[in-house]
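Take a look at the structure below.
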Amino acid sequence: MAYAELIEAAKDLSDNDIAEVVDFVNFLKQKKKSDDNKVIFDLYKGDLKYMAEDFDETPDCFKEYM
């Protein structure tokens, strides 16, 4: 559906209905962003090969700042 068709279809709607259409469009945009992020995160799922046992410990060179 082209933009012109969307505008023509919405021409006779009330202000409240137009607000709902805008809300729905924003929902679709947000959903697409969420779907795009999921693909990126799933891309690296299971790729962790090794993590040092002391990963969460503060390195000696930073201890003076803690």
Side-chain angles (χ1 to χ4, degrees):
M1 179 182 273
Y3 291 115
E5 290 177 271
L6 180 61
I7 292 170
E8 187 64 33
K11 193 181 280 188
D12 297 325
L13 295 176
S14 68
D15 288 344
N16 288 337
D17 290 340
I18 293 291
E20 283 188 51
V21 170
V22 171
D23 287 343
F24 184 68
V25 168
N26 290 331
F27 165 76
L28 292 175
K29 287 180 179 180
Q30 187 62 38
K31 181 181 171 198
K32 174 143 177 52
K33 287 180 185 178
S34 296
D35 291 346
D36 290 347
N37 288 341
K38 184 178 185 310
V39 170
I40 290 170
F41 291 125
D42 284 348
L43 179 67
Y44 297 105
K45 187 175 182 179
D47 273 354
L48 184 62
K49 303 293 184 213
Y50 169 77
M51 184 179 293
E53 291 180 21
D54 63 347
F55 177 79
D56 289 329
E57 293 180 21
T58 304
D60 292 336
C61 59
F62 287 109
K63 286 188 180 181
E64 66 185 85
Y65 301 106
M66 302 298 281

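In this chain, numbering begins with 1 at the start of the sequence shown. Since we're looking at a predicted model, the values are computed, not measured.
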Partner residues of E8 under the salt bridge (Lys or Arg N to Asp or Glu O under 4.0 Å) criterion, sequence neighbours left out: K11
Connected-component partners of I7 among ILVMFWY, side-chain separation under 4.5 Å: none
Taking only distance into account, with no hydrogens and no angle test, what donor-acceptor pairs under 3.5 Å do side-chain atoms of residues 52-66 form with protein atoms, sequence neighbours excluded?
residue : atom : partner : partner atom : Å
D60     : OD1  : K63     : NZ           : 3.4

May I have the list of side-chain donor-acceptor pairs in residues 12-19 shorter than 3.5 Å, sequence neighbours left out?
residue : atom : partner : partner atom : Å
S14     : OG   : D17     : N            : 3.2
S14     : OG   : D17     : OD2          : 3.4

